[in-house]
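Here's the structure we're looking at; comments come further down.
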Number of protein chains: 2
Amino acid sequence: MTTFFHEKKSLNSIIEALRKKGYKATPQRIAVCRYALQSPTHPTAKAIYQKVREEYPTISLATVYKTLKVLKELDLIQELPFFQGQTRFDPNVNPHINMVCLKCGKIIDLNNTEVGIFIQKLAQSAKFRLKGQRLDIYGFCEKCFKG
Amino acid sequence: MTTFFHEKKSLNSIIEALRKKGYKATPQRIAVCRYALQSPTHPTAKAIYQKVREEYPTISLATVYKTLKVLKELDLIQELPFFQGQTRFDPNVNPHINMVCLKCGKIIDLNNTEVGIFIQKLAQSAKFRLKGQRLDIYGFCEKCFKG
DNA sequence: TTGTGTGCAAAGCATTTGCAATACT
DNA sequence: AGTATTGCAAATGCTTTGCACACAA
């Protein structure tokens with residue numbers, strides 16, 4: 001079974017998760033979370049910054065980076081370093097495939113239930129204690145291939 | 001079936017591949033190829049530079065980067081951007097799993113024949129024209145988990 | 001011989017850090 | 001009130017680029 005979208009976290013659960021670990025739920029952090037954790041576009045830090053600045057004009061890029069670091073620590077987000085210093089952030093931390101189009105640059109998540117099982121079996125056979133994964137496929141999406 | 005090592009390319013075939021595309025087979029390039037294409041350690045550009053400099057003291061980091069760019073273009077190497085600006089280079093361009101140990105930092109290739117078939121099927125079902133892949137699993141290798 | 005490649009130094013970027021002022025809890 | 005966080009500017013580190021000289025074909 002394959003689906004294309006992941007479950008979005010509620011803001012309240014995020015605020016709770018921050019406080020539980022001793023982090024303060026500042027308006028800047030909440031704004032970054034709102035965008036970073038609910039965007040399906042795998043945004044870069046800069047893209048998050050520019051979006052959040054629309055409603056929070058004084059926020060700095062440094063704050064965005066610091067917040068992303070916290071979200072990573074809380075396991076609410078996954079960092080995906082790409083080529084040319086393009087690091088993207090993925091709020092889907094479950095085993096899934098990032099389908100990366102080499103033409104339009106879009107990244108679509110492929111949430112396939114078999115994926116997790118498959119890598120679990122592989123890890124087990126190599127006596128590897130699995131903690132996370134990053135599964136990218138590169139190529140052309142249907143639209144770009146046809147066009 | 002799973003194996004841990006990939007077939008190493010001969011230097012002659014590499015020189016041929018360079019010339020065929022109009023690139024000159026300079027001693028610097030050959031030295032970089034010898035290390036980058038035959039190392040199982042997924043070295044960084046800097047590590048390649050330091051290794052090659054042992055026998056070629058005048059080589060510059062810029063030349064290493066330029067050579068790696070050429071090797072990527074010739075599809076002889078895969079670039080793997082990691083966290084904290086750590087970009088590693090993998091001479092194994094066939095579908096395989098990079099088993100990344102979060103403790104010792106070692107990356108071991110898992111060449112499993114099913115992997116390629118599995119992602120091909122997934123791509124097909126999503127009408128995605130597959131060109132390449134990057135499949136990482138993160139966790140602890142047997143040695144680090146036991147110790 | 002000719003145009004590509006090398007090596008150096010400088011530039012370009014993404015990300016991180018130090019610190020004084022600010023504001024959550 | 002007390003301490004973590006913000007925002008700025010500077011620093012860091014990887015990678016790229018421009019250019020004069022060297023060299024592979």
Side-chain angles (χ1 to χ4, degrees), chain A residues 11-12 14-33 36 42-74 77-89, chain B residues 11-12 14-36 42-74 77-89:
Chain A
L11 266 188
N12 280 339
I14 292 163
I15 292 173
E16 217 173 284
L18 283 169
R19 294 214 174 117
K20 195 153 88 183
K21 287 274 186 174
Y23 291 112
K24 289 179 179 166
T26 65
Q28 290 93 328
R29 275 187 183 153
I30 293 169
V32 169
C33 290
H42 303 70
T44 60
K46 209 179 184 178
I48 295 167
Y49 168 63
Q50 285 166 342
K51 193 78 189 174
V52 169
R53 207 162 51 151
E54 284 174 16
E55 73 172 88
Y56 223 97
T58 63
I59 199 169
S60 73
L61 198 46
T63 297
V64 172
Y65 275 111
K66 285 167 190 164
T67 302
L68 290 170
K69 201 175 181 181
V70 169
L71 292 180
K72 234 174 49 176
E73 195 197 315
L74 300 189
I77 209 167
Q78 194 182 4
E79 190 181 343
L80 301 177
F82 278 99
F83 311 116
Q84 294 136 351
Q86 281 275 317
T87 295
R88 290 163 163 275
F89 293 89
Chain B
L11 266 188
N12 281 338
I14 293 164
I15 292 172
E16 218 173 282
L18 283 169
R19 294 215 175 114
K20 197 152 84 182
K21 288 273 185 172
Y23 291 111
K24 290 179 179 166
T26 64
Q28 290 93 328
R29 276 186 181 155
I30 293 169
V32 169
C33 290
R34 223 179 25 237
Y35 184 65
H42 304 68
T44 61
K46 207 178 186 179
I48 295 168
Y49 168 63
Q50 285 168 341
K51 192 78 189 175
V52 170
R53 206 161 54 150
E54 284 175 16
E55 73 173 88
Y56 223 96
T58 63
I59 200 170
S60 72
L61 197 45
T63 298
V64 172
Y65 275 110
K66 284 168 189 164
T67 302
L68 290 171
K69 201 175 179 180
V70 169
L71 292 180
K72 232 173 52 175
E73 194 196 317
L74 300 188
I77 209 168
Q78 193 183 6
E79 190 180 344
L80 300 178
F82 277 100
F83 312 114
Q84 293 137 353
Q86 282 274 316
T87 295
R88 290 164 164 275
F89 293 88

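We name chains A, B, ... by the order of the sequence lines, and we start the count at 1 in each one.
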Quick note, side-chain hydrogen bond (donor to acceptor under 3.5 Å, both in side chains) partners involving residues 19-34 of chain B, not counting sequence neighbours, are B/Y23-B/E73, B/R34-B/E55
Whole-Å distance, B/K46 NZ to D/dT16 P, equals 15 Å
Note: for B/A45 and B/P27 on DNA chain D, the residue whose nearest nucleotide lies more 5' is B/A45
In numerical order, the residues of residues 81-89 of chain A whose heavy atoms come under 4.0 Å of DNA chain C are A/G85, A/T87
In this structure, CD1 of B/I77 is separated from NE2 of B/H42 (nearest 0.5 Å) by 10.0 Å
Those residues at least two apart in sequence (or on a different chain) that pass side chain to side chain donor-acceptor pair (under 3.5 Å) with A/T87 are none
When rounded to whole Å, the CD to P distance for the pair B/E73 and D/dT16 reads 14 Å
Distances under 3.5 Å only, N/O to N/O: pair up the protein atoms with those of nucleotides 7-10 of chain D.
unit_1	atom_1	unit_2	atom_2	d
D/dG7	OP1	A/Q28	NE2	3.2
D/dG7	OP1	A/T58	O	3.2
D/dG7	OP1	A/T58	OG1	3.1
D/dG7	OP2	A/S60	N	3.3
D/dG7	OP2	A/T63	OG1	3.0
D/dG7	O5'	A/T58	O	3.2
D/dG7	O6	A/K66	NZ	3.0

message = Any non-hydrogen side-chain atom of A/V32 less than 4.5 Å from a side-chain atom of A/I59?
response = yes
For B/A25 and B/I30, the nearest pair of non-hydrogen atoms, with its separation, is O-CD1, 3.7 Å
Contacts of B/E79 meeting side chain to side chain donor-acceptor pair (under 3.5 Å) (sequence neighbours excluded), chain-then-number -> B/K72
Rounded to whole Å, OH of A/Y49 lies from C1' of C/dC13 at a distance of 15 Å
In short, B/S60 meets B/Y49 closest at the heavy-atom pair C-CE1, 3.7 Å
For A/C33 and A/L71, the nearest pair of non-hydrogen atoms, with its separation, is SG-CD2, 3.6 Å
Note: contacts of residues 15-25 of chain B with DNA chain C (heavy atom, under 4.0 Å) are B/Y23, B/K24
| With a 4.5 Å heavy-atom cut-off, do B/L68 and B/I48 have their side chains touching? | yes
At under 4.0 Å, does any side-chain N or O of B/T26 touch on OP1 or OP2 of C/dT6?
-> yes
A/A45 and A/F89 have their tightest heavy-atom pair at N-CE1, 4.0 Å
Within the supplied structure, the quantity of interest is the number of heavy atoms (other residues, nucleotides, ligands) at a distance under 6.0 Å from B/Q50 CD; does it exceed 12?
yes
